[in-house]
Q: 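Encoded as structure tokens, here's the structure I'll be asking about.
Worth saying up front: this structure is predicted, and the values here are computed from it rather than measured. As a basis for the values below, the full set of heavy atoms in this structure was taken, side chains included, without hydrogen atoms, waters or symmetry mates.
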Amino acid sequence: MILDYLLKEGIRLRQKQLFLLLALPVLLLQASPATAREEGLSLQVKSIQFPSADRTIHASLTGSEHFDISWHIDGGEWPSNLYAATDSTFYYKQAGSRVAILPSGEITKPRANAQEVHLPIPPGIQAEGSRISSSLSKRSWTYSPPEGKSFLPDSLQTDLAGHLYIHDDHGGWYALNYETGKIRYMLQLDSTEPGADSDFIRCRVAPSGDAICASKLIGMIGIRERTTAPRVFINGLEQFYAQKPLILNGTTLVPLRGIFEQLGAAVKWDETNHSIKASKSGKTIKIVVGSKQATVGNELITLSKAPIIINGTTFVPLRFISESLGAIVIWESPIAAIQIIS
């Protein structure tokens with residue numbers, strides 16, 4: 001029965017996503033041979049056209065070799081109260097109704113207790129009109145927008161990985177690497193007058209680093225990192241993490257805290273010996289970073305892959321963690337998706 005449910009849910013989700021992509025107006029994207037030079041890097045630029053009722057909006061996405069506009073919903077009534085929740089789901093109000101949308105562009109059922117997340121800006125970061133800078137001794141840098149543009153300091157945001165996001169006074173949207181100050185991607189509109197389109201578009205970033213931008217004229221777009229990482233679904237709902245899941249030697253690893261919390265487990269991290277203990281419904285598991293030996297209750301288990309730390313994030317083997325907490329895990333190889341039923 002559970003397997004039948006899981007397969008039906010997987011098919012239903014894929015059908016919804018396919019319908020969404022087919023039903024939305026086509027976003028015209030053309031690769032541009034031009035490149036933008038940023039601190040010695042060559043960043044690919046893609047030209048974008050957003051047809052609207054009275055004009056065609058032209059824009060460019062710098063850094064499109066690593067990021068892309070993955071979905072587009074046509075313009076209409078201005079979506080108000082746009083924010084991101086702790087699980088990286090976006091919420092807004094339109095026509096008096098509360099709407100929830102995943103970073104993948106799929107409309108989902110709003111959660112009654114979803115709260116707006118306010119991640120603190122990393123220490124040492126300052127944003128003023130002509131620049132954004134880091135004053136940390138080992139990470140000192142300064143970034144300035146293109147000539148004639150200024151940043152809107154009140155728009156500064158961050159994700160769980162610490163990357164920075166900010167608007168300029170022409171409606172442009174920037175993503176910067178927190179450690180180096182280098183541009184990750186930049187969305188520029190066709191405005192020519194300072195401040196003329198400062199209310200033209202508004203963007204929000206989720207804890208996962210996925211961003212959504214909204215405007216009366218272009219509607220809504222989702223900006224996402226290009227990745228080959230497997231997709232993770234828990235009880236039919238796709239999960240989004242600041243550090244993407246990865247596969248090493250056939251073992252899928254996921255960010256520790258994200259997977260534990262979504263499965264409803266209480267997590268304790270011991271900094272002294274780098275051990276993790278998770279408890280749920282009387283079940284307790286313990287794993288240690290760098291060790292293949294784990295315990296489930298009083299039973300000793302050998303893992304296929306030891307937990308590891310990458311860029312400050314602890315990754316754990318997905319199947320062991322999920323099944324040890326009483327969940328069912330199914331790998332959908334045709335679409336590189338992992339379905340978990342808890």
Side-chain angles (χ1 to χ4, degrees), residues 24-25 27-30 32 34 36 38 43-64 66-84 90-94 101 103 105 121 125 127-132 143-159 163-176 181 183-206 209-225:
L24 296 179
L27 181 62
L28 302 177
L29 300 177
Q30 294 180 334
S32 169
E38 176 59 38
L43 300 176
Q44 181 177 317
V45 179
K46 179 177 289 185
S47 63
I48 310 164
Q49 298 179 28
F50 297 98
S52 63
D54 57 353
R55 63 170 168 154
T56 296
I57 312 302
H58 297 276
S60 63
L61 180 66
T62 302
S64 60
H66 298 299
F67 295 86
D68 201 2
I69 294 178
S70 60
W71 54 269
H72 171 224
I73 297 177
D74 201 10
E77 180 184 347
W78 179 267
S80 61
N81 300 327
L82 176 64
Y83 69 87
F90 293 97
Y91 288 82
Y92 60 94
K93 284 187 177 180
Q94 197 165 44
I101 187 169
I121 302 301
I125 299 296
E128 45 193 27
S130 60
R131 66 178 187 172
I132 180 171
Y143 177 84
S144 297
E147 185 177 356
K149 299 180 180 180
S150 297
F151 286 132
L152 300 179
D154 292 342
S155 68
L156 184 62
Q157 303 169 51
T158 187
D159 60 23
H163 297 310
L164 304 168
Y165 304 79
I166 194 168
H167 277 291
D168 68 23
D169 57 357
H170 288 67
W173 173 245
Y174 303 70
L176 301 177
I183 195 77
R184 301 175 72 226
Y185 71 80
M186 175 172 56
L187 179 69
Q188 288 282 350
L189 305 178
D190 61 356
S191 172
T192 56
E193 296 296 326
D197 281 338
S198 61
D199 294 326
F200 179 77
I201 191 168
R202 277 292 174 266
C203 302
R204 295 290 182 271
V205 66
D210 298 293
I212 186 172
C213 296
S215 151
K216 287 182 180 179
L217 293 179
I218 70 172
M220 290 197 302
I221 59 174
I223 304 178
R224 308 196 65 195
E225 185 174 5

Q: Got a sec, which residues hit salt bridge (charged side-chain N to carboxylate O under 4.0 Å, His left out) with Glu128, two or more places apart in sequence or on another chain?
A: Arg131

Q: Yes or no on side chain to side chain contact (heavy atoms under 4.5 Å, CB included) for Ile183 and Leu176, after CA distance, side-chain angles and deciding distance?
A: CA-CA 5 Å; Ile183 195 77; Leu176 301 177; 3.5 Å; yes

Q: Do you know the tightest heavy-atom contact between Asp168 and Leu152?
A: O-CD1, 3.6 Å

Q: Just how far is it from atom CG of Leu187 to atom CG of Leu61, taken to the nearest 0.5 Å?
A: 6.0 Å

Q: Do Ile166 and Tyr143 come close enough that some side-chain heavy atom pair is under 4.5 Å?
A: no

Q: Between Thr158 and Ile121 (side chain of the first, backbone of the second, donor and acceptor by atom type, cut-off under 3.5 Å), is there such a pair?
A: no

Q: Can you name the closest pair of heavy atoms from Met220 and Ala214 and give their distance?
A: CG-CB, 3.8 Å

Q: So which atom in Arg204 and which in Phe90 form the shortest heavy-atom distance, rounded to 0.1 Å?
A: O-CE2, 3.6 Å

Q: What are the two closest heavy atoms between Trp71 and Pro103, and how far apart are they?
A: NE1-O, 2.9 Å

Q: Under 3.5 Å, is there a donor on one side chain and an acceptor on the other for Gln188 and Tyr174?
A: yes

Q: For the residue pair Ile201 and Trp173, establish whether any side-chain heavy-atom pair is separated by less than 4.5 Å.
A: no

Q: Between Ile101, Ile221, Ile212, which is the residue that forms a side-chain contact (heavy atoms from CB on, under 4.5 Å) with Ile73?
A: Ile101

Q: Test your reading of the model: is there a side-chain donor-acceptor pair from Ser155 to the backbone of His167, 3.5 Å cut-off?
A: yes

Q: What distance separates Arg184 CZ from Tyr165 OH, expressed to the nearest 0.5 Å?
A: 4.5 Å

Q: Can any side-chain N or O of Asp169 pair as donor or acceptor with the backbone N or O of Ser150 at less than 3.5 Å?
A: yes

Q: Looking at Ala127 and Pro153, what are the two nearest heavy atoms and their distance?
A: O-CB, 3.6 Å

Q: Check Ser64 against Lys46 and note the closest heavy-atom contact, atom names and distance.
A: OG-CB, 3.6 Å

Q: Go through the steps to decide whether His58 and Gln49 satisfy the test side chain to side chain contact (heavy atoms under 4.5 Å, CB included), and finish with yes or no.
A: CA-CA 5 Å; His58 297 276; Gln49 298 179 28; 3.9 Å; yes

Q: First locate atom OG of Ser144, then atom NZ of Lys149, and finally report the distance between them rounded to the nearest 0.5 Å.
A: 13.5 Å

